[in-house]
Asker: 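Here it is, the structure in full.
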Amino acid sequence: MHNTLLNISKTPYWLADPRLKLSSFTTDVDKVPATSDVAIVGGGFTGLSAAITLARAGRKVTVFDAAPLGTGASCRNGGLLGPSFNKLGLDGITSQYGKEKTHAVIKESMEAFRWLLNFIRTEKIACELNVCGRFRGASHPKHFNDLLEQVKELSEVIDFPAIILNKEQQLEEVGSDSYYGGVIYPQDATLQPALLFQGLLEIATKAGVKIFDNTSVHNVVNQGGRFELMLEHQSVQADKVIIATNGYTGSQFGKFKRRVLPIRSAMIATEELPEELIQSVLPKLRCYMGTERVVSYYRTSPDGKRILFGGRASGRGDQPEKYAKFLRELMIRYFPQLSAVKIDYAWSGMVAYTFDHIPHIGKIDGLYYAMGYCGSGVGRSNYFGRKIAQKLLGNANGKTIFDEFLFKTRPLYTGTPWFMPTILRWHSFADRMGW
Ligand SMILES: Cc1cc2nc3c(=O)[nH]c(=O)nc-3n(C[C@H](O)[C@H](O)[C@H](O)COP(=O)(O)OP(=O)(O)OC[C@H]3O[C@@H](n4cnc5c(N)ncnc54)[C@H](O)[C@@H]3O)c2cc1C
């Protein structure tokens with residue numbers, strides 16, 4: 001049999017799209033303005049979404065990104081889009097904060113998702129948005145009832161159409177025997193994240209935002225209300241600063257770094273496959289995931305020709321050879337019919353979890369921030385970016401239910417989650433046991 005892991009490209013599949021011209025949106029670092037109304041650290045979805053809102057409100061905005069544009073998680077994700085309920089740990093929120101707050105979180109999460117769909121359509125961003133629906137399979141017999149209960153609870157609070165499938169019916173949705181029934185969320189969608197990113201760059205630059213990539217902010221000094229940002233060879237001033245660094249938050253922003261758990265997440269993309277093979281795996285061309293704690297997710301490429309499969313990145317650091325093998329084996333466990341398929345792309349990126357599984361937004365030491373999307377941030381980062389900008393503008397629309405959750409750290413935690421491999425092993429074990 002041929003080697004299915006030879007000559008893999010390490011470029012994220014999305015960034016190989018010939019329609020992209022990301023570097024044309026940056027300005028030469030020699031032209032960094034000495035002062036701005038708002039400086040944003042981090043040029044991913046959060047930073048760009050905030051920048052658009054601010055520039056449209058007449059603010060002079062500068063965005064700095066340490067890496068070439070498109071290097072962060074915003075161009076590395078699966079492009080699965082939904083209200084992210086599965087990442088919230090709704091039971092945990094209910095037991096700690098009560099039903100009323102939980103319901104407010106559910107309502108706003110749905111609003112956030114709908115807001116992004118509407119924004120993409122209104123702004124005419126050509127990013128292959130496809131409301132294809134999501135199949136969520138029960139990875140253990142016991143999880144099927146949990147899924148049904150969750151649908152019931154959600155539909156008591158919001159308009160939440162869902163189609164429930166037993167194990168026999170599920171085969172019409174997914175060509176795998178690995179699930180014990182599941183639920184379809186017809187409202188969920190997919191998109192090409194790098195095209196969304198490019199759309200935001202276009203809108204931001206048109207609105208007057210100046211974007212500088214390969215420009216790391218080494219430090220931000222609060223000078224009694226104004227801020228000085230230390231770049232490699234110069235320093236610049238800003239009235240206000242937003243930290244939008246999510247899974248890439250560095251030690252210079254220690255108070256933020258201590259509050260997030262950076263975790264590497266990875267994806268593979270297969271070679272182009274015959275239509276019959278794709279049909280045997282994902283007959284309805286939706287997006288898919290299970291109920292496992294260490295979750296895998298998959299979809300086709302927007303042209304329907306490849307399968308993109310994501311999950312935990314095995315190995316330390318960015319080791320495509322390791323996680324490509326790991327994810328391929330996982331994919332074949334779900335879909336043995338893919339065992340001879342070649343992998344063309346493998347890549348990874350950093351996401352930011354939080355100790356309470358809730359994303360956070362607000363202000364610490366005078367610095368505005370939004371981060372901690374717990375691996376489900378395509379919709380949330382765009383929404384939170386807009387919200388944090390509205391807050392900075394003093395606009396009442398900046399209020400969110402997420403203001404009400406304290407952004408907590410843990411004693412002795414400094415931002416390096418050394419304990420994560422053990423926790424992941426525990427979660428994998430719990431997945432096998434169906435807990
Ligand atoms: C493999 C993978 C799959 C995913 N799949 C999905 C999915 O299917 N659906 C979903 O909803 N979410 C998914 N996510 C999560 C989602 O991509 C992120 O939550 C979201 O993109 C976060 O956006 P952001 O702008 O906050 O952060 P990022 O896009 O990561 O941007 C942060 C930026 O900050 C910059 N930065 C850091 N420090 C500095 C500094 N000192 N100076 C200047 N710049 C700095 C970094 O260079 C980086 O570009 C996935 C993520 C990964 C990695």
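Numbering of ligands and ligand atoms starts at 1, following listing order. None of these values were measured; they are calculated from a predicted model.
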Asker: Walk me through it: do Thr270 and Arg306 pass the test side-chain hydrogen bond (donor to acceptor under 3.5 Å, both in side chains)?
Answerer: CA-CA 5 Å; Thr270 66; Arg306 299 172 191 266; 5.9 Å; no
Asker: Could a heavy atom of Gly250 be found less than 4.0 Å from some atom of ligand 1?
Answerer: no
Asker: For Gly78, counting its heavy atoms only, list the atoms of ligand 1 lying under 4.0 Å from any of them.
Answerer: 3 (C), 4 (C), 5 (N), 6 (C), 7 (C), 8 (O)
Asker: Specify the protein heavy atom at minimum distance from atom 4 (C) of ligand 1: its residue, its atom name, and the distance to 0.1 Å.
Answerer: Asn77 CB, 3.1 Å
Asker: Can you tell me the protein heavy atom closest to atom 43 (C) of ligand 1 and the distance?
Answerer: Ala66 N, 3.1 Å
Asker: Out of all atoms in ligand 1, which are within 4.0 Å of some heavy atom of Ser376? Include the element for each.
Answerer: 10 (C), 11 (O), 12 (N)
Asker: Can you tell if the side chain of Val241 reaches within under 4.5 Å of the side chain of Val217, non-hydrogen atoms only?
Answerer: no
Asker: Can you find a non-hydrogen atom of Gln252 under 4.0 Å from ligand 1?
Answerer: yes
Asker: Should the proximity of Tyr373 to ligand 1, defined as any heavy atom under 4.0 Å, be assigned to the side chain, the backbone, both, or neither?
Answerer: side chain
Asker: Heavy-atom contact under 4.0 Å between Phe384 and ligand 1?
Answerer: no
Asker: So is Gly247 touching ligand 1 or not, going by heavy atoms under 4.0 Å?
Answerer: no
Asker: Is a side-chain donor-acceptor pair under 3.5 Å present for Thr215 with Glu232?
Answerer: no
Asker: Among Phe407, Tyr383, Phe384, which residue satisfies the ring pair (Phe, Tyr, Trp, His ring centres under 6.0 Å) criterion with Phe402?
Answerer: Phe384
Asker: For Phe135 together with Tyr179, are the ring centres under 6.0 Å from each other?
Answerer: yes
Asker: Parallel, tilted or perpendicular for Tyr298 and Phe309, by the 30°/60° rule?
Answerer: parallel
Asker: Can you tell me which residue among Lys363, Met371, Gln252, Lys255 is in a side-chain contact (heavy atoms from CB on, under 4.5 Å) with Ile243?
Answerer: Met371
Asker: Quick one: does Ser348 get within less than 4.0 Å of ligand 1, heavy atoms only?
Answerer: no
